[in-house]
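Encoded as structure tokens, the structure appears first; notes follow it.
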Amino acid sequence: ADIITELGPDQIKTVEAISGCHVVGGPIMNIRVLVYDSTNPVLADPRVRRALSLAIDRKLIVDTLYDGRTTVTRGLQHPSFGPLYLADYQPPGYDPDAARALLKAAGYDGAPILYRILNNYYALQVQTAQVLVEMWQAVGLKVNIEVKENFSQVLEAKGGRGIYDTSDTIFWQDPVGIVVRRYGPASGVQAQYKTWSNAEFNKLCDTLQTSLDTDERRRAVAAALKIYDETDPPGTTLHTLAMFYGKRRDLHWTPYEAEFMDFRAANMT
């Protein structure tokens with residue numbers, strides 16, 4: 001092969017040991033996330049969704065499964081946002097004791113939550129899901145993995161949709177490109193799959209889309225991130241998505257910081 005794609009970090013050393021081959025790529029402008037279906041009776045209480053997030057040791061996942069080759073984000077944002085990037089924002093940390101307290105306050109009784117995934121559509125997707133289930137189990141959450149063949153099956157409401165994997169691409173370098181596009185009133189989450197909705201969040205999305213005042217927009221971002229992470233979570237971030245490629249050293253091809261492989265002549269010299 002000239003190039004192989006979606007190389008798992010656990011295979012990087014294997015490829016680099018092959019004469020004439022090496023590995024390129026790394027973190028891209030995309031964030032791996034989980035989405036929670038708030039219409040699921042078990043997930044209707046935001047405290048349960050918050051507990052799911054607090055039970056996740058993101059740094060451990062990055063350091064072990066990904067060999068430290070990607071990063072834990074500061075919530076649903078990217079440094080490319082420039083003046084609208086909140087560098088001091090504190091996303092959900094790893095706090096299993098707080099997760100247990102929230103579950104107790106919510107009266108969670110051990111009811112199972114369905115977690116639908118694909119068979120490594122994302123690199124190490126299945127392994128990551130297995131690790132997450134163990135972390136959730138450690139705080140008392142019962143989550144059952146169900147592997148599906150395609151996204152239509154993952155997103156099918158029939159059968160009790162609960163948690164599912166996706167990723168949020170930063171199509172343009174502004175919070176509108178991810179916060180509003182992926183979770184706002186016209187997003188798939190609210191308009192198509194109807195897994196979550198929040199009126200205050202939608203007002204903030206309107207501000208982000210219409211205001212030209214940077215300070216006002218920064219306040220709107222901060223408030224929207226607080227709703228996303230704490231008040232009424234529609235999901236949670238895991239880490240920056242990374243894409244690795246194994247390739248021949250003598251093949252002059254440069255990967256982009258996006259899920260797009262450019263084989264035009266200008267990118268092959």
Are the side chain of [X] and the backbone of [Y] linked by a donor-acceptor contact shorter than 3.5 Å?
X    : Y    : value
S211 : D213 : yes
Y245 : T254 : no
K203 : T207 : no
Q190 : T195 : no
R49  : L43  : yes
R161 : R116 : no

Sub-4.5 Å side-chain heavy-atom contact between [X] and [Y]:
X    : Y    : value
S197 : N202 : yes
L34  : L132 : yes
V126 : L118 : no

From L238 atom CG to R58 atom CZ, the distance as rounded to the nearest 0.5 Å: 6.5 Å
Between CD on residue Q77 and CG on residue D168, distance to nearest 0.5 Å: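 Output value for this atom pair is 13.0 Å.
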Hphob cluster co-occupancy, L76 + V180, side-chain heavy atoms under 4.5 angstrom: yes
Verdict with supporting geometry, Y183 and Y228, ring-ring contact (aromatic ring centres under 6.0 Å, His included): CA-CA 9 Å; Y183 299 94; Y228 177 90; 5.2 Å; yes
Between T166 and R182, a side-chain donor and acceptor under 3.5 Å: yes
Evaluation steps, ring-ring contact (aromatic ring centres under 6.0 Å, His included), between F151 and Y121: CA-CA 10 Å; F151 275 111; Y121 174 84; 5.0 Å; yes
Residues R32 and D165 bridged, charged N to O under 4.0 Å: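 Looking at D165 together with R32, the answer is yes, because their closest N to O distance falls below 4.0 Å.
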Plane angle bin for Y115 and W136 - parallel if under 30°, tilted between 30 and 60°, otherwise perpendicular: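 Perpendicular: the ring planes of W136 and Y115 meet at over 60°.
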side-chain hydrogen bond (donor to acceptor under 3.5 Å, both in side chains) against H78, all qualifying residues, sequence neighbours excluded: S80
